[in-house]
Amino acid sequence: MNDDHDLDLAVRLLAGTPTHEGRDPALLGQWARTASEFGRRMTVRHQTVRVVERDGGLEAGLFARYRSRPPVVEVYADTVARAERLVAERGWRHWFPEGSVRAAALAHEQAHAWLHHAPVRAEFKRALGHTALRLGRRRLYAYVAGADEIAAHAYAQTACGLGRSPLLLTEALAAAVSFESEN
Amino acid sequence: MGVVILLVMAVGVAAMLTRKLPTAFALVLLAVVIAFLAGAPLTGKESVLDTVLQEGASALAATMIAILLGSWLGKLLEETGIAGTLVRKIVEFGGDRPVFVALGVLAVSALVGTVTGSAPAAMLAGLIGIPAMIAVGIPKVTAAGTVLMGIAVGVPFELPVWQFFSTALDLPIGTVRGFMVKLFPFALVAAVAYVLVESRRRGVEHTWPLKAARTRPSRADRRRRLGDAPWYALLTPAVPLVLALGLDVAIIPSLLGGVLYALVTTTRPREMNRRLLRTLYGGFEVAAPPIALFVAIGILLAAVKLPGAVDALQPLVKAVSPQNTVLFILVFTLLVPLCLFRGPLNVFGLGAGIAGVLVATGIYPAVAVLGMTASYNQVFGVSDPTSTQTVWSAQYAGVSPHQVMVRTLPYVWAVAFGGLCVTAFTEL
């Protein structure tokens, strides 16, 4: 049941990603499932990346950001703190243990950095199986926008031992912040 | 009297800069005041009512029609999914190489820029292109700048712009085309350099955004959505260009050729009438702001060309206008920032009036003024944080127009320098 809801969130993320306007929900579901599986199976070789804590994430609408030049992960402390409070309010501590939101944010961004490696990219595209061009028996696999986001969330869930996808937290916190700003 | 006219122009610029008056209204007001200062009678020959307002308002009519047709074609590109399909294909082919996607969106923006300009052009390429670039890891400022630099690559081949320069400066279309062909390589090299250099400097960027997922996709959505446009329809933006540039067809029939090609390659015969009318009316909506501006520019041009205004301004303008080739390049390159923030060298503002003065007083040949204004247009179209396409692209990407200006200005300044060099060495 929970897995179905997580998958549904992933499908909705894909549906909201540009280039997928109006795509068949079944196809989006297939891609979301494959991307999640790929993310869960990923063995990320950790690189030395500077981690910086920042404020202003709630205003900018960000949990974390990865930049490749120079390699740095910015974790937005105010968003993480608000997310931890939300987990406590909703009684989700068994899914998201204390301190797991920050860890998930770091893991998410490390997964993005890993997905930029050419062999990993190629394997990911093959796994998704979306064809851009076919010439006889040769196939050129297409990039699926948004799939790397789902893989990064799945990796963070597995690496941090979370009971649910961080997408659930994203959805709930976005709704809470939007409600607070409107009232 | 020349000094008074220049002071009035400065007041006009201040009114535009401080947004006390919309540009079009400010230009008309300026024109009327300049005409009176130049000693024009109220009615009759070379008068305020008959010459400046009546003849001036319709002086750029051909440009207005070209703008309308470009907007119509832009609406068709949007409604038939041609622009969206181009971007989608680029992302699918090269999404895992962010630079490739940025170069692809740059190319699509350039194609769109040949058809239509301003915010509608940015929207055509950017609505899918900007979020798609951000999704593959292009930083937001780079993404917004890529669409603008791409449109600027297309601008030298934007047929309504040819028509504008041809009418405003009284030059044959062939002369305008000749200069634009020389300006194009500078715009192209700067735009490609922007994507390559900025991608290398800034790398990629990924975020975990605090964003609620959209509602569940449904099959009804799919039925409502238009499918991918067929591959041969994707050639639409090139059709007017091939007709005007390759086959020497006049501008309005070239644009109509593009409209017809888009229609027959994407639309079933029984739906053609409805689609043509719907997109034409949509085109009117898109074209309204630039057409209002061109009415005002026509009026201002008529005012500064009045004999009284020419006589008053000639000695002053001649005294400050560099005649030496190197000085010409140096001075006008340094003045580039004056076309930003609706400044006095903005071609679609008071800059048109100044160009009119330079031509009417015979200080520079019309073709040199074309080179100068076309070079400034390359800057204004990308970096001016008050121009609609820059504001739209920046805000849609989630950054400020000023960030985009700072990042793109060095590149477009170089384009203006290139254009001014060509002008000085070939036309002075």
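Every chain is numbered from 1 and lettered A, B, ... according to where its sequence line falls, protein lines coming before strand lines. Because only heavy atoms are used, hydrogens play no part in the values below, and waters and symmetry mates are left out as well, while side chains stay in.
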- request: Hey, could you give me the OG1/CZ distance between B:T207 and A:R67, rounded to the nearest 0.5 Å?
  value: 10.5 Å

Reported CH2-to-NE2 distance for the pair B:W208 and A:H112, which is rounded to 0.5 angstrom: 10.0 Å

query: Does the side chain of B:V101 reach to within under 4.5 Å of the side chain of A:Y143, using non-hydrogen atoms?
result: no

- prompt: When only pairs under 4.5 Å are counted, which of B:G398, B:P131, B:P139 shares the most heavy-atom pairs with chain A?
  reply: B:P131

query: To the nearest 0.5 Å, what is the distance between CD (B:E92) and OG1 (A:T131)?
result: 10.0 Å

- request: Using non-hydrogen atoms and a 4.5 Å limit, figure out which bit of B:R201 sits close to chain A: side chain, backbone, both or neither.
  value: backbone

- line: Closest heavy-atom pair, B:R88 versus A:T19, reported as atoms and distance to 0.1 Å, is CD-O, 3.0 Å

field: chain B contact via A:P70 - which portion, at a heavy-atom distance below 4.5 Å
entry: neither

task: Would you mind checking which part of A:A104 comes under 4.5 Å of any heavy atom in chain B, side chain (CB onward), backbone (N, CA, C, O), both or neither?
output: both

Chain B interface, residue from A:A172, A:A60, A:S68 that has the most non-hydrogen pairs under 4.5 Å: A:S68

message: Quick check: under 4.5 Å, non-hydrogen atoms only, which of residues 119-126 of chain A neighbour chain B?
response: A:R121, A:K125

query: Thinking salt bridges, do B:E198 and A:R69 make one under a 4.0 Å N-O criterion?
result: no

message: At a 4.5 Å cut-off on heavy atoms, which part of A:L173 comes close to chain B: side chain, backbone, both, or neither?
response: both

- prompt: Using non-hydrogen atoms only, which part of A:E74 is less than 4.5 Å away from chain B: side chain, backbone, both, or neither?
  reply: neither

- request: Could you tell me whether A:H108 and B:H206 have their ring centroids closer than 6.0 angstrom?
  value: no

field: Within 6.0 Å of CD in A:E59, more than 12 heavy atoms from elsewhere
entry: no

- prompt: Given a strict heavy-atom distance threshold of 4.5 Å, which part of A:V177 is in contact with chain B: side chain, backbone, both, or neither?
  reply: side chain

message: Looking at B:E285, I want to see if its CD is surrounded by more than 12 non-hydrogen atoms of other residues, nucleotides or ligands under 6.0 Å.
response: no

- prompt: Rounded to the nearest 0.5 Å, what separation is found between the CG atom of B:L210 and the CG atom of A:L169?
  reply: 9.0 Å

